[in-house]
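Report on the structure given below.
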Amino acid sequence: MKAVGQITIKRRGEIVAKWVRLCGVPEAPGPGAVTEVEVEGGVAICVANLNGELSALDNVCPHRHGPLGQGWLEGDCVVCPWHSWMFHAKTGAAEFPEGERVAVFPLKIEGGDVLVEIE
Ligand code: FES
């Protein structure tokens, strides 16, 4: 899935945040599903739907850089497809192993689009 647009937020001429369109709401993963979405510059984002609520996580697993968006949901966690490390879909905190985490990006739905804020 590829993103197609972005909204840049500038303050005094400096870019402070960018809301990037990930996909349309109908293309977003359904409840219990996880997918990988590529945004500008080839950066991939892991998008998970936990109980009907979408969240966007760093797609790169801190273990050996596995693609989290190619994993699956187990309970409240996204499971890495390579060695099964588990990250809470909302907080990014690892269930296993403790102390690890991935970034979670702000996400919103606007005008039928799913947007994520990246720096
Ligand atoms: S790369 Fe994700 S658990 Fe190993």
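Side chains are part of it too, since the values below use all heavy atoms of this structure and drop only hydrogens, waters and symmetry mates. We count ligands from 1, going down the list as the structure has it; atoms in each ligand are counted the same way.
Partners of D113 under the side-chain contact (heavy atoms from CB on, under 4.5 Å) rule, at least two apart in sequence or in another chain, are R21, L115.
Judged by distance alone, the side chain of N49 and the main-chain N or O of P29 form a donor-acceptor pair under 3.5 Å. Side chain of R64 to backbone of W82: no donor-acceptor contact under 3.5 angstrom is found.
Listed by first and then second residue, the salt bridge (charged side-chain N to carboxylate O under 4.0 Å, His left out) pairs that reach into residues 46-57 are E53-K90, sequence neighbours excluded. Applying the side-chain hydrogen bond (donor to acceptor under 3.5 Å, both in side chains) test to every pair with at least one member in residues 66-78, sequence neighbours left out, gives these pairs: E36-Q70, W72-E74.
Put simply, the side chain of I45 does not reach to within 4.5 Å of the side chain of L57, judged on heavy atoms.
Excluding waters, the set of protein N/O/S atoms under 2.8 Å from atom 4 (Fe) of ligand 1 reads H63 ND1, H83 ND1.
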